[in-house]
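All chains are named by letter (A, B, ...) in the order of the sequence lines, taking the proteins before the strands, and each is independently numbered beginning at 1. Computed from a prediction, not measured in an experiment: that's the story for all the values here.
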Number of protein chains: 2
Amino acid sequence: MVEQTLGDKLARDILGRIRGGQILPGAKLNAKSLADDFRVSRTPVLEALKTLAARGIATHAPNRGYIVSSTALNGNVGSELDEPVPVTDLYYRLAEDWVGQEIPQDVTEQYLLQRYKARKSEVVGTLVRAVNEGWAERKPGYGWTFLPVVSTPEAFEQVYRFRSAIEPAALLEPTFEFDTQVLDEQERIQQRYLDGAIDTELPDRLILIGMQFHEEIIRLSGNTFFHQALVRVNRLRHLLELRSIFDRARVYDQFSGHLELIRLLRKGDPIEASFYMRQHLAEATSKKTSIQRAHVQNKIRR
Amino acid sequence: MVEQTLGDKLARDILGRIRGGQILPGAKLNAKSLADDFRVSRTPVLEALKTLAARGIATHAPNRGYIVSSTALNGNVGSELDEPVPVTDLYYRLAEDWVGQEIPQDVTEQYLLQRYKARKSEVVGTLVRAVNEGWAERKPGYGWTFLPVVSTPEAFEQVYRFRSAIEPAALLEPTFEFDTQVLDEQERIQQRYLDGAIDTELPDRLILIGMQFHEEIIRLSGNTFFHQALVRVNRLRHLLELRSIFDRARVYDQFSGHLELIRLLRKGDPIEASFYMRQHLAEATSKKTSIQRAHVQNKIRR
DNA sequence: CTATGTATTTATTGTGCGAAAAAAACATTA
DNA sequence: TAATGTTTTTTTCGCACAATAAATACATAG
């Protein structure tokens, strides 16, 4: 994990809001309300604003606060803040190495500490995360064990079967709440990608957008357990997807499916929506597993 | 958490096996195989064996190892090891205090450290657990927030709705594997409690036995995601159950339901079993929620 | 009187060392 | 030669203190 203070993260997030059009050039960046919004104190927000000012995204007038500069959306002003969340994360390296059989099944913290030259807190944090995702376990005494889930090709199918059990069911929850704002937001996002961004965007980003859509929809069920289960399983799925062959063409089908789902939800017909969701998932499964098989066979052949 | 070394835990676990009839009086306690079994080294196993010998549960012959003494099952030989896992656990205290509105929604680690006079590692560990169960969150800056899930009466119903989505589905997994040993074991346990132990056992124990049954059955599905989701949701449910009124009569219905389910699984009819599971859960829900309502009303009346 | 700017306090992380627990290596006995 | 007993090594925990980050309190300007 690259050193990153809360102020840095906030700078990114605020810039994200500007890029996404939620905050317009010329608008005042009220420190207090931003702090409340992000549930932090003004201190890190102020740091973020200073960073943004230094990058030319905001201008500062003494005793009058910060304002989004008119050039904020020009070309690559402050682009160094845009994406560089560097994915050299220990988490990914560890997952990669485990799947690739580079590390033994049983390891000690010490071993990981040395192998990755990482800080202890980072190693422990990563292991805890892996435990949550179900691919690592603490041994009763010293040491940790990695479980084979992530490395098996069946995992893909199992995830999809699990999702098929919960996602359509979630739409039928009596507490389902039909939040127009969420639907609008998601429709906007999916549409934007369908209008072209699919061809240029990084695979990883597209995967995340797709997962986010499902998570947001399931969240409307009003039953946290469905939502939490999906989020958890999606984190693992993310790892699996990163290792599989990525098919952009499939994303078109997927995202237009999402728009159709929104349409059905708007119609106020949860049963039909639930049914459609089931289909939508089934499609993904069949295509996915054949891709996965091809992938595995290629590997064996080599 | 009361100081407890791995050796102490093993002593309990081994005694559990003796009490449960898995290891008989007179049998040799092979250190190596016990160590392998528990996935630890011989060191803590040896400590456990010493403890057991000191309590009169095992006898020790120099250079010949340990043997379960014939009096191991007599009366209260070594009973001090049986149950006393003291539930003064920070985890329970914290959950209790949060539900009872004794602590604020937002807290710092420091606050918890002082309030509970606990070690830092313990506090952090507990918070991580709470996060996994979905009733706590790290704030972006310093501090943690507790979420209302555990304290809402709706949580009960939501958990049951979630389980109704996953448990019957799990039984229909194509990878479902019908492990006679597991079924036998569970049948034995459920039968034993139906034969009388229900009236004497602690509520907490009965709750755990019931949860364990479901977890074991779902595990047979061969799809970890179902199993993991259930385990996770059950941990939270445990908290909820501890706070609700306990009805022993209900346990009879519940446990005989379990036996019926085993019978259907033995018949090799997963569809019927799945259907029965759905019903079984529905029953529990309806009874449960009415109890829960009564409970809430009582509280309000006071 | 509200938002900004600044100073102060508080919370948390990082580090290093000694203690305790567990694993691994070695020696010995049936 | 496999299991037991014993010693050595390794791993992890616990604690204190310094360093940093964030929250809070205070002062001031519009």
Proximity to the side chain of A31(A) - top-ranked nucleotide from dT4(C), dA11(C), dG14(D): dT4(C)
What's the closest nucleotide to the T5(A) side chain, out of dA23(C), dT12(C), dA22(D)? dA22(D)
Within the 4.0 Å heavy-atom criterion, would you say K28(B) contacts the bases, only the backbone, or no part of the nucleic acid? sugar-phosphate
Can you identify which nucleotide, out of dT4(C), dT12(C), dA3(D), has its nearest atom closest to the K120(B) side chain? dT12(C)
From dT24(D), dG14(D), dT12(C), pick the nucleotide closest to the side chain of R119(B)? dG14(D)
Residue closer to the 5' end of DNA chain D, Y111(A) versus K139(B) (nearest nucleotide): Y111(A)
Could you state the CD-C1' distance from E109(A) to dA22(C), rounded to the nearest angstrom? 13 Å
Looking only at heavy atoms, what is the nearest atom pair of L94(B) and L127(B), with distance? CD2-CD2, 4.4 Å
Any H60(B) side-chain nitrogen or oxygen under 4.0 Å from OP1 or OP2 of dT4(D): no
At under 4.0 Å between heavy atoms, what does A61(B) touch on the DNA or RNA strands: base, sugar-phosphate, or nothing? sugar-phosphate
Any side-chain heavy atom of E241(A) within less than 4.5 Å of one from M211(A)? no
Taking 4.0 angstrom as the limit, do E215(B) and R219(B) come out as a salt bridge? no
Send over the distance from L46(B) CG to dA21(C) P, rounded to a whole Å. 16 Å
Over how many whole Å does the gap from R138(A) atom CZ to dA23(C) atom P extend? 12 Å
Atom-to-atom span, OH of Y66(A) to P of dA3(C) - whole angstrom: 17 Å
Answer with yes or no whether R64(B) presents, from its side chain, a donor or acceptor under 3.5 Å of a partner atom in the base of dG5(D). no
If I take atom CG in residue L112(A) and atom C1' in nucleotide dT12(D), what distance separates them, rounded to the nearest angstrom? 14 Å
Look at R39(A) together with E137(B) and state whether they make a salt bridge at an N to O cut-off of under 4.0 Å. yes
Is there a side-chain polar atom (N or O) of N30(B) under 4.0 Å from OP1 or OP2 of dT4(D)? yes
Roughly how many Å is it from CD in E47(B) to P in dT4(D), rounded to a whole number? 16 Å
Between atom CD1 in I67(A) and atom C1' in dG30(D), what is the gap in whole Å? 14 Å
Between the base of dA23(C) and the side chain of T43(B), is there any donor-acceptor pair under 3.5 Å? yes
For R39(B) and dA22(C), what is the distance between atoms CZ and P respectively, to the nearest whole Å? 16 Å
For the residue pair F146(A) and W135(A), categorise the inter-ring angle as parallel (less than 30°), tilted (30 to 60°) or perpendicular (more than 60°). parallel
Of P62(B) and Y142(A), the one whose closest nucleotide on DNA chain C sits nearer the 5' end is Y142(A)
With nearest nucleotide decided by heavy atoms, which residue, K9(A) or R42(A), maps closer to the 5′ end of DNA chain D? K9(A)
Would you indicate which nucleotide in dC15(D), dA3(C), dG5(D) comes nearest to any side-chain atom of N63(B)? dG5(D)
With a 4.0 Å cut-off on heavy atoms, is K50(A) in touch with a base, just the backbone sugar-phosphate, or nothing at all? nothing
Where the side chain of S41(A) is concerned, which of dT11(D), dT24(D), dA23(C) is the nearest nucleotide? dT24(D)
